[in-house]
Amino acid sequence: MEVVAAKKMKTMALEVQNFIGGEFIPAKTHLDSFNPATGEVWAKIPDSGKEEIDLAVKSAKQAFPSWSSLSPEVRGQHLHKIADILESRLDEFAEIESRDQGKPVGLAKKVDIPRAVQNLRFFATAIQHTLNDSTVQSKFGVFNYTTKNPIGVAGLISPWNLPLYLLTLKIGPCIAVGNTCICKPSEMTSVSAWMLCEVMKQAGLPPGVVNMVFGYGHKVGQSMVEHPEIPVISFTGGTATGKKIISSSAANFKKLSLELGGKNAAIIFDDADLEQCIPMAVRSSFTNQGEVCIATSRIFVQEKLYPRFLELFIEATRKLKVGPPTESTTDVGALISKEHLAKVKGYVDIAIEEGGRIECGERSQDEELSLPESHRNGYFMRPTVITNLKDTSRCMQEEIFGPVTCVVPFQTEEEVIERANGVQFGLCASVWTTDLGTAHRVAHKLEVGAVWTNCGLIRDLNMPFGGIKASGIGRESAKESLNFYTEDKTICIKMT
Ligand code: NAD
């Protein structure tokens with residue numbers, strides 16, 4: 001297989017192949033993948049199913065004994081090599097990620113691809129530092145110690161919003177500890193994962209360690225989840241899919257990690273520093289078109305500050321430039337698909353029906369979007385701010401996953417904690433105050449997996465990340481991911 005250079009890809013739809021046992025395998029049938037910024041088909045993705053998954057399981061099983069017996073140092077070297085090649089092609093990968101997903105190229109260059117490189121490097125070194133437990137039980141005259149063992153073939157299923165970023169966050173720890181895997185990227189954003197296969201091949205990763213099977217979730221994903229020889233599934237995606245995965249995998253007692261949706265609150269107290277808060281509230285609501293699981297979508301502002309906050313927030317939001325992802329001045333690119341755009345715009349209509357006031361963006365008095373002719377069929381929309389909604393309204397309860405955020409006032413600390421917790425999700429939140437006591441008190445009471453205070457969108461791979469309630473099961477981080485992808489065994493030795 002030859003990965004065609006980014007420039008050549010402009011003219012014809014490129015044909016993606018599955019990567020199984022270190023070989024690129026042409027598919028019998030394909031599905032269309034669209035460039036969200038133009039609405040044109042730009043790639044053909046294998047429409048795979050159970051047959052391809054069976055083949056990939058066979059190859060991953062074959063690769064497991066030798067890969068898992070390599071030392072952590074050697075496995076780490078493989079990951080470093082992949083990271084180095086990926087980094088040397090950063091610009092090309094960023095352009096492709098943008099064309100496939102709709103995000104600004106600048107964002108992919110600054111965040112997505114560097115983070116993918118970092119994910120691989122981080123876990124290449126993290127496995128060099130793991131410590132096993134040991135105890136001495138003198139009353140029995142025994143010594144216990146643990147070993148951490150890779151599990152076998154893992155199924156890694158990833159979403160479309162941060163394609164390579166989230167996929168490498170799974171591949172890194174999974175293979176670093178000695179598992180082999182089958183990856184299923186989103187059918188809407190498969191191209192960077194396909195290109196990664198070429199990088200892995202070039203880096204000399206042994207065949208079968210990472211297999212990539214492309215296609216629809218209900219076919220490929222479902223086959224993986226039901227497959228008796230894939231004992232572990234790491235999934236990032238929607239809450240509804242997560243629920244389905246739990247029930248489909250139950251019969252085989254699979255180990256599951258589920259990173260799901262969110263409805264994240266920002267809580268802004270009267271004493272907040274607005275100079276810091278406004279730019280971050282805008283970034284965390286609209287970066288990547290709001291298609292980020294940790295995006296802010298409910299903003300609670302204490303009543304004295306509310307009018308000033310709203311004025312500045314709307315002013316800053318209106319300044320965001322929506323446009324072609326390739327332009328360096330673009331802040332907000334295209335949404336992932338026609339259907340998703342309709343769904344997100346539909347929420348603005350729902351908000352109006354529910355009594356909401358549209359302060360800026362879609363369905364407001366603001367100017368219509370002006371796009372170049374080449375992008376008129378792209379899936380663009382203006383960042384939208386909604387006020388005057390009840391907490392029970394659908395826009396305040398459901399994950400919209402687009403450039404729409406709701407702002408509401410509150411009076412007391414107790415009240416806002418209860419309201420922020422009053423959703424089915426529990427991924428993350430941010431708290432804005434200059435009072436340290438308030439910051440700690442509120443952070444402790446929020447039902448979420450992560451709280452940022454006077455900052456946001458920061459993720460340290462050393463720290464556990466994940467949600468509670470309908471936002472997921474399990475955590476990802478150095479320690480947590482390495483635990484998830486291994487099984488501990490306790491060995492007891494008689495000393496006397
Ligand atoms: P999705 O659930 O539709 O799809 C995610 C992946 O699952 C895709 O690869 C899809 O093909 C596959 N899939 C679909 N049906 C399946 C099935 N029955 N069995 C197995 N796999 C199946 O999610 P999406 O629309 O791609 O992504 C957006 C969602 O992801 C949002 O809800 C967002 O909050 C969530 N997300 C969460 C995190 C996190 O860390 N918590 C990060 C990013 C995105």
Side-chain angles (χ1 to χ4, degrees), residues 31 33 45-50 53 100-103 111-112 115 119 155-170 182-190 193 212-227 230 233-250 254 256-264 287-297 335-337 339-341 343-344 398-402 423-428 448-450 457 459 461 464-477 480-481:
L31 49 106
S33 184
I45 309 301
D47 180 10
S48 318
K50 188 174 177 316
I53 287 298
D100 214 16
Q101 204 275 341
K103 66 182 70 214
V111 177
D112 292 69
R115 191 60 186 242
N119 287 340
L156 312 180
I157 304 175
S158 53
W160 49 258
N161 63 323
L162 300 164
L164 203 65
Y165 176 140
L166 293 173
L167 185 62
T168 49
L169 190 56
K170 297 184 187 303
I182 302 166
C183 308
K184 211 299 278 174
S186 167
E187 57 275 26
M188 287 186 271
T189 52
S190 293
M212 204 76 72
V213 181
F214 299 101
Y216 288 119
H218 66 273
K219 288 171 78 178
V220 183
Q222 189 72 23
S223 303
M224 285 165 74
V225 172
E226 287 173 357
H227 204 292
I230 304 181
I233 297 280
S234 172
F235 169 80
T236 302
T239 293
T241 316
K243 252 187 210 171
K244 212 180 249 176
I245 289 177
I246 293 175
S247 55
S248 310
S249 61
K254 296 202 179 197
L256 295 181
S257 161
L258 303 174
E259 296 285 349
L260 310 177
K263 188 73 194 169
N264 313 310
T287 294
N288 208 46
Q289 303 72 244
E291 297 165 330
V292 184
C293 59
I294 57 175
T296 297
S297 61
L335 275 70
I336 185 67
S337 67
E339 294 73 23
H340 190 60
L341 178 70
K343 178 183 150 191
V344 176
E398 297 174 17
E399 187 186 44
I400 300 175
F401 216 57
V423 289
Q424 61 160 328
F425 299 102
L427 191 57
C428 60
V448 290
L457 300 182
R459 201 169 156 184
L461 285 174
F465 177 83
I468 61 171
K469 306 200 299 198
S471 290
I473 297 176
R475 295 289 182 272
E476 287 178 331
S477 73
E480 306 281 341
S481 298

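One-based numbering, in listed order, for ligands and for the atoms of each. For this chain, numbers begin at 1 and follow the sequence in order.
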Before giving the answer on side-chain contact (heavy atoms from CB on, under 4.5 Å), spell out for Lys263 and Glu398 the whole-Å C-alpha distance, their side-chain angles and the decisive distance to 0.1 Å. CA-CA 7 Å; Lys263 188 73 194 169; Glu398 297 174 17; 5.8 Å; no
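The existence of a salt bridge linking Glu476 and Arg459 is confirmed by a sub-4.0 Å separation between a basic side-chain nitrogen and an acidic carboxylate oxygen.
Residue Leu427 places no N or O, backbone or side chain, under 3.5 Å from any N or O of ligand 1. Among the atoms of Thr236, none of the N or O lies under 3.5 angstrom from an N or O of ligand 1. On a distance-only criterion, Gly237 and ligand 1 share at least one N/O pair closer than 3.5 Å. Residue-to-ligand polar distances place Gly217 within reach of ligand 1: an N/O pair is separated by less than 3.5 Å. Between Arg459 and ligand 1, no N or O atom pair is found at a separation short of 3.5 Å. Distances between N or O atoms of Gly238 and those of ligand 1 include at least one value under 3.5 Å. Of the N or O atoms in Thr239, none lie within a sub-3.5 Å distance of an N or O in ligand 1. For ligand 1, the polar-atom distance check against Glu399 finds a nitrogen or oxygen pair separated by under 3.5 Å. Below 3.5 Å of separation, one finds no N or O of Tyr216 facing any N or O of ligand 1. Considering backbone and side-chain atoms together, Lys244 places no N or O closer than 3.5 Å to any N or O of ligand 1.
Taking every heavy atom of Trp160 and a limit of under 4.0 angstrom, the matching atoms of ligand 1 come to 24 (P), 25 (O), 26 (O), 27 (O). Less than 4.0 angstrom separates some heavy atom of Leu166 from each of these atoms of ligand 1: 42 (C), 43 (C). Within ligand 1, the atoms closer than 4.0 Å to a non-hydrogen atom of Pro185 are 9 (O), numbered from 1 in the order shown. Numbered from 1 in the order shown, with element, the atoms of ligand 1 that lie under 4.0 Å from a heavy atom of Glu187 read 10 (C), 11 (O). Residue contact check: Asn161 has heavy atoms under 4.0 Å from atoms 43 (C), 44 (C) of ligand 1. Residue-ligand proximity, Ile157 to ligand 1, at heavy-atom distances under 4.0 Å covers atoms 6 (C), 7 (O), 9 (O), 12 (C), 20 (C), 21 (N). Atoms of ligand 1 lying under 4.0 Å from any heavy atom of Phe465, numbered from 1 in the order shown and given with element: 40 (O).
Atom NZ of Lys469 has more than 12 neighbouring heavy atoms from other residues, nucleotides or ligands inside a 6.0 Å radius.
Residues Ser223 and Ile53 approach most closely at CB-CG1, 4.0 Å, considering heavy atoms. In terms of heavy-atom proximity, Pro159 sits nearest to Ser186 at C-CB, 3.7 Å.
Judged as a side chain to side chain contact (heavy atoms under 4.5 Å, CB included), and not counting sequence neighbours, the contacts of Lys219 are Asp47, Tyr216.
Gln222 and Ser248 form a side-chain donor-acceptor contact under 3.5 Å, judged by distance and modelled atom types alone.
Atoms CG and OG, from Leu31 and Ser190 in turn, are 7.5 Å apart once rounded to the nearest 0.5 Å. Put simply, CZ on Phe401 and CG on Asn161 are 4.0 Å apart, with the number rounded to the nearest 0.5 Å. With values rounded to the nearest 0.5 angstrom, Thr287 atom OG1 is found 10.5 Å from Lys103 atom NZ. Interatomic distance, Ser158 OG to Leu166 CG, rounded to the nearest 0.5 Å: 7.0 Å.
Of the heavy atoms in Ser158, only backbone atoms (N, CA, C, O) come closer than 4.0 Å to ligand 1. Of all the heavy atoms of Leu162, none lies under 4.0 Å from any atom of ligand 1, so neither backbone nor side chain is involved.
In this structure, atom 4 (O) of ligand 1 is not in close contact with the protein, since no protein heavy atom lies within 4.0 Å of it.
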